[in-house]
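Down below is the structure, laid out as structure tokens.
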Amino acid sequence: AGQLRPLPAAGLPGDLFNLGIASRLRTDGNATARASTDFGQMVTAAPEAVFHPRTPADIAALIRFSASSPAPFPVAPRGQGHSWRGQSLAPGGVVVDMRSMGRGRRGARINVSAAGAEPYVDAGGEQLWIDVLRATLRHGLAPRVWTDYLRLTVGGTLSNAGIGGQAFRHGPQIANVHELDVVTGTGEMVTCSRDKNSDLFFAALGGLGQFGVITRARIMLETAPKRVRWVRLAYTDVVTFTKDQEFLISDRAREVGFNYVEGQVQLNRSFAEGPKSTPFFSATDLNRLAKLALRKGSAAIYYIEGAMYYNEDNPESVDQKMEALMDNLSFEPGFVFTKDVTFVQFLDRVLEEERVLRSAGVWEVPHPWLNLFVPRSRILDFDNGVFKGLLRDANPAGIILMYPMNKDKWDDRMTAMTPTDDEDVFYAVSLLWSALSVDEVVKLERENESVMNLCDKAGIKWKQYLPHHTSQDGWQQHFGAKWGKITELKAKYDPQAILSPGQKIFPSRAEAVGIATA
Ligand SMILES: Cc1ccn(-c2ncnc3[nH]cnc23)c1
């Protein structure tokens with residue numbers, strides 16, 4: 001039940017509880033327990049309170065109060081809490097439950113501007129992408145780039161980059177934003193874009209919550225297709241697999257190719273010991289694929305996952321387009337798996353995965369993830385060292401994604417990092433493990449470490465996506481040449497280092513005060 005007046009929390013300044021916003025603060029154990037962990041379940045750290053803002057002005061008031069108090073306390077915006085290593089936590093501080101912004105006035109914070117040559121949607125940072133999709137489809141429009149899972153917030157994915165199979169063509173989600181409203185670490189509400197307060201605009205996109213809280217994003221839209229031809233093509237040879245993937249994301253394939261290109265790696269042992277069927281593959285499919293791996297003696301099966309958008313007024317043309325495309329690709333003959341679905345069914349495909357995993361009780365488990373961007377020139381070394389070496393006989397629960405993107409679709413002025421070599425293509429490799437026991441957490445974390453060490457020894461210049469580093473040196477290496485600018489922007493927009501301490505990039509003054517008084 002809501003509290004009339006929360007009891008002042010020990011670690012927060014008493015007069016916080018005299019402010020007008022105090023009634024929106026919850027200090028009870030239920031509220032703080034829910035905000036003490038995230039989807040990754042790798043870290044637990046309790047806030048002193050959870051704040052339920054109604055408007056961006058409420059968030060500004062809370063942050064202004066912390067920034068001007070003698071003992072500034074951490075403040076972390078939390079949407080769905082889908083960070084994996086505690087990035088959305090605020091130990092000893094205040095977690096802002098962003099989802100309370102939208103409550104009560106459904107749709108008020110998603111405004112579609114459908115007219116004109118460049119339609120867009122203004123979406124609250126707390127809005128889920130699935131809700132943005134439903135609102136824009138009412139106008140026959142949709143954002144161009146999607147994460148694999150849609151029950152994530154706009155502010156959360158834009159604070160990382162927002163990658164998925166459409167990014168090879170349109171860049172990550174952060175490359176498809178016109179304007180932001182951001183509440184900075186000094187509690188100012190700033191509207192920013194490429195032309196206005198542009199340093200904050202570029203900082204916040206991929207900014208890991210370090211420079212401000214995204215409360216609105218103006219996102220580019222395109223005409224939405226009605227249907228999708230969704231295919232998976234199986235390969236046993238990684239050279240052929242990556243060659244075809246790179247063709248599919250090249251300009252040559254622009255007219256004749258897919259609208260979406262991703263890829264997965266299935267290690268052999270998972271055929272014997274993994275699920276007998278999945279949302280995409282039937283048991284028969286998986287049997288055929290297991291036999292293929294055996295016959296070819298390959299350590300893994302590689303799938304290209306492609307999607308071709310179309311409208312039902314000319315289904316035969318998508319058949320012809322798909323036939324022509326298949327002729328250009330060298331997958332294992334007969335190993336083409338096709339589904340014909342609506343646009344929403346395709347975009348929301350991971351919901352099915354979530355349902356299966358939740359019903360098996362393995363969705364809310366620890367997720368020791370590792371997401372790497374690997375330079376194209378080293379992807380075969382990576383495959384050889386990791387999938388044919390380190391992980392050859394592994395069979396952890398979870399999925400392995402592997403697909404290329406075009407670096408020139410990313411904007412290097414933004415905080416998100418891509419590999420700093422001079423190549424124009426890099427691969428996303430996502431080891432999305434689910435740990436089904438406590439010692440598996442330790443084992444998988446160690447394995448992830450050894451993957452990164454193997455890359456270091458081989459001189460493979462990786463960057464982490466959804467990054468987690470345990471030292472400021474690690475973060476300096478992550479940001480490389482951007483580090484100087486990033487520290488300047490942090491001093492300008494969050495001088496007390498209040499915001500999103502869970503990323504562990506900057507020692508927060510709040511902590512420093514704590515240490516000083518300890
Ligand atoms: C970069 C990233 C983080 C999570 N994903 C996922 N992709 C595909 N299926 C998923 N299921 C859960 N997370 C998934 C991809």
Side-chain angles (χ1 to χ4, degrees), residues 38-42 79-88 128-130 145-154 156-168 171-175 206 208 228 230 232 260-267 270 274-275 278-281 302-307 339 341 345-374 396-405 410 416-419 426-436 444 448 451 462-468:
D38 60 4
F39 179 70
Q41 291 194 18
M42 303 288 288
Q80 294 285 87
H82 252 255
S83 55
W84 70 277
R85 206 54 166 71
Q87 290 92 336
S88 56
L128 301 188
W129 283 97
I130 182 67
V145 183
W146 297 92
T147 50
D148 297 309
Y149 182 57
L150 301 191
R151 282 148 185 83
L152 304 174
T153 59
V154 167
T157 65
L158 296 182
S159 295
N160 286 280
I163 63 170
Q166 300 87 357
F168 78 91
Q173 289 181 325
I174 55 175
L208 305 176
V228 176
W230 175 20
R232 281 193 184 173
Y260 158 106
V261 175
E262 288 199 11
Q264 293 198 20
V265 180
Q266 187 161 354
L267 302 171
S270 70
T278 67
F280 191 93
F281 288 127
Y302 302 85
Y303 309 115
I304 286 182
E305 184 176 53
K339 287 181 186 303
V341 293
Q345 283 170 330
F346 170 68
L347 291 181
D348 204 16
R349 62 194 178 281
V350 175
L351 178 67
E352 200 42 47
E353 246 184 76
E354 175 179 2
R355 286 205 180 110
V356 167
L357 293 173
R358 276 189 190 280
S359 63
V362 290
W363 178 260
E364 301 206 338
V365 295
H367 294 95
W369 280 357
L370 180 61
N371 290 279
L372 297 178
F373 289 157
V374 176
I399 55 173
I400 301 170
L401 303 180
M402 179 164 143
Y403 61 89
M405 285 181 275
W410 292 63
M417 287 306 296
T418 57
F426 63 92
Y427 278 75
V429 182
S430 294
L431 309 181
L432 301 173
W433 308 134
S434 298
L436 305 185
L444 289 167
N448 292 345
V451 167
W462 49 273
K463 286 295 176 196
Q464 272 191 54
Y465 181 58
L466 309 179
H468 163 67

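Note that ligands are numbered from 1 as they come in the structure, with each ligand's atoms numbered from 1 the same way.
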Legend entry - Element-labelled atoms of ligand 1 that are located less than 4.0 Å from some non-hydrogen atom of N371: 1 (C)
Inset, instruction - Below 4.0 angstrom from a heavy atom of I399, which ligand 1 atoms are there? Numbered from 1 as shown, please. - result: 8 (C), 9 (N), 10 (C)
Counting non-hydrogen protein atoms only, what is the nearest one to [atom]? Give residue, atom name and distance.
| atom | value |
| --- | --- |
| atom 3 (C) of ligand 1 | W369 CZ3, 3.7 Å |
| atom 7 (N) of ligand 1 | D148 OD2, 2.9 Å |
| atom 5 (N) of ligand 1 | L432 CD1, 3.4 Å |

Legend entry - Proximal candidate to atom 11 (N) of ligand 1 [heavy atom criterion; set E353, H82, E305]: E353
Inset, instruction - Determine the interplanar angle of the Y260 and F346 rings, folded into 0 to 90°, and report it as parallel if under 30°, tilted if 30 to 60°, perpendicular if over 60°. - result: perpendicular
Legend entry - Aromatic ring pairing Y149/H82, orientation class (parallel under 30°, perpendicular over 60°, tilted between): tilted
Inset, instruction - Specify side chain, backbone, both or neither for T147, according to which of its non-hydrogen atoms lie closer than 4.0 Å to ligand 1. - result: neither
Inset, instruction - Tell me which part of Y149 gets within contact of ligand 1: side chain, backbone, both or neither, using heavy atoms under 4.0 Å. - result: neither
Inset, instruction - Would you sort out whether W129 and T147 count as a side-chain hydrogen bond (donor to acceptor under 3.5 Å, both in side chains), showing the intermediate values? - result: CA-CA 9 Å; W129 283 97; T147 50; 5.4 Å; no
Inset, instruction - Look only at the side chain of Y465 and the backbone of G162, and say whether a donor-acceptor pair between them is shorter than 3.5 Å. - result: yes
Legend entry - Electrostatic pair D348-R151, nearest N-O below 4.0 angstrom: yes
Inset, instruction - Taking the side chain as every heavy atom from C-beta outward, state whether F168 and Y403 have any pair of such atoms under 4.5 Å apart. - result: no
